[in-house]
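Here, residue 1 is the first one in the sequence, and each next residue gets the next number.
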Amino acid sequence: MHQETTTPPPSSLLYPPGGLLIWSLVLMELLTFGLALTAFVISGRSEPQVFHAGRQHLQPFFGLTNTVFLLTSGYFMAGAVERFKRGTNARPFIHAAMVGGVLFLVLKSIEYHGKIEAGLTLGHDTFFTYYWLLTVFHMMHVIVGLIIL
């Protein structure tokens, strides 16, 4: 029995790799984070004392460790996609990517608990308003990714 294969159409602006939906989501996230980070920088320049004091409450350990978790998770997700394309078992790589996401959420929750205990909540000042909005938005991104996986 002969099985006919079809070649996927070449990518174009109207049909990019991954489809329009994924690229629309990527563009929305880039715009959202870009605008928020631009506003953060502008606000930091207009309130330098507030932003300096806010940075003193951040713990580099949390940021560095969470960066490692997310980069490692991204590495495993890229490996999962590559294995899937080759037709090999991608499941261990997907699970490893999920572990990185869960570790991020656990550590971020510990960090949040410390901030809340110290009274550094959403309305504390401009710095922590941005801190909470940006990090919770990022946390939601990780949660949605875990749900999709």
Side-chain angles (χ1 to χ4, degrees), residues 8 10-86 88-149:
S11 293
S12 72
L13 192 56
L14 295 177
Y15 299 102
L20 286 175
L21 179 60
I22 192 68
W23 286 102
S24 297
L25 290 171
V26 168
L27 183 60
M28 283 190 326
E29 285 207 8
L30 285 172
L31 287 173
T32 302
F33 273 114
L35 290 172
L37 291 172
T38 300
F40 178 80
V41 169
I42 292 169
S43 293
R45 289 185 177 178
S46 66
E47 297 181 63
Q49 297 84 3
V50 171
F51 278 65
H52 177 74
R55 283 192 300 273
Q56 302 307 307
H57 293 286
L58 301 180
Q59 296 164 307
F61 167 79
F62 287 121
L64 177 63
T65 305
N66 268 335
T67 299
V68 169
F69 289 158
L70 291 178
L71 288 175
T72 304
S73 180
Y75 169 81
F76 281 111
M77 193 62 231
V81 169
E82 192 59 37
R83 284 177 167 243
F84 182 77
K85 285 180 181 178
R86 289 192 316 231
T88 58
N89 185 10
R91 192 165 297 208
F93 279 71
I94 291 172
H95 289 155
M98 291 176 74
V99 166
V102 168
L103 289 172
F104 169 85
L105 294 176
V106 168
L107 190 58
K108 186 52 82 176
S109 296
I110 292 168
E111 182 182 5
Y112 283 168
H113 178 55
K115 299 282 183 283
I116 292 168
E117 288 289 311
L120 304 171
T121 57
L122 182 63
H124 180 74
D125 60 23
T126 308
F127 177 85
F128 279 101
T129 297
Y130 280 111
Y131 167 85
W132 283 99
L133 292 175
L134 287 166
T135 62
V136 168
F137 185 70
H138 188 245
M139 193 176 204
M140 289 176 6
H141 174 94
V142 173
I143 291 168
V144 169
L146 285 169
I147 290 168
I148 290 170
L149 292 177

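- Here the closest heavy-atom approach between residue A97 and residue L149 is recorded as CB-CD1, 4.4 Å.
- Considering CG of N66 and NE2 of H138, their distance stands at 9.0 Å, rounded to 0.5 Å.
- Taking CG of L70 as the reference point, atom NE2 of H141 lies at 8.5 Å (rounded to 0.5 Å).
- To the nearest 0.5 angstrom, H113 atom NE2 is 15.0 Å from K108 atom NZ.
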(request) In sequence, state the C-alpha distance, the side-chain angles, and the governing distance for Y112 and T135, and then conclude on side chain to side chain contact (heavy atoms under 4.5 Å, CB included). (result) CA-CA 10 Å; Y112 283 168; T135 62; 2.8 Å; yes
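- Within 6.0 Å of atom CZ in R45, 12 or fewer heavy atoms from other residues, nucleotides or ligands are found, so the atom counts as exposed in its surroundings.
- Distance check: R83 CZ to I94 CD1 gives 10.5 Å after rounding to the nearest 0.5 Å.
- When all heavy atoms are compared, the tightest approach of L105 to M139 is CD2-CG, 3.4 Å.
- In H52, the NE2 atom is not crowded: 12 or fewer heavy atoms of neighbouring residues, nucleotides or ligands sit closer than 6.0 Å.
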(request) Test side chain to side chain contact (heavy atoms under 4.5 Å, CB included) on L58 and F127 and set out the steps. (result) CA-CA 11 Å; L58 301 180; F127 177 85; 3.7 Å; yes
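- For G100 against S73, the heavy-atom pair with the smallest separation is CA-CB, 3.9 Å.
- Closest heavy-atom contact between K115 and H57: NZ-O, 3.2 Å.
- With Y130 as reference, F40 is the one residue of F33, F137, F40 to meet the ring pair (Phe, Tyr, Trp, His ring centres under 6.0 Å) rule.
- Contact of the I110 side chain with the F62 side chain is registered, since non-hydrogen atoms from C-beta on lie closer than 4.5 Å.
- A heavy-atom distance below 4.5 Å is found between the side chains of L146 and V142.
- Side-chain N or O atoms of W132 include one that pairs as donor or acceptor with a backbone N or O of L120 at under 3.5 Å.
- F128 and H124 have perpendicular rings, their planes meeting at more than 60° on a 0 to 90° scale where under 30° would count as parallel.
- Between F104 and F69, the distance separating the two ring centers is not shorter than 6.0 angstrom.
- Separating the CD atom in E82 from the OG1 atom in T88 is a distance of 8.5 Å, to the nearest 0.5 Å.
- The minimum heavy-atom distance linking L37 with L134 is given by the pair CD2-CD1, 3.8 Å.
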(request) Kindly determine whether V81 and K85 satisfy side chain to side chain contact (heavy atoms under 4.5 Å, CB included), including the steps that lead there. (result) CA-CA 6 Å; V81 169; K85 285 180 181 178; 3.9 Å; yes
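- Distance CG/L122 to CG/L133: 5.5 Å, rounded to 0.5 Å.
- With contacts defined as side-chain heavy-atom distances shorter than 4.5 Å, the pair R55/V50 does not qualify.
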(request) Quick one: do L103 and L107 satisfy side chain to side chain contact (heavy atoms under 4.5 Å, CB included)? Show the steps, please. (result) CA-CA 6 Å; L103 289 172; L107 190 58; over 6 Å; no
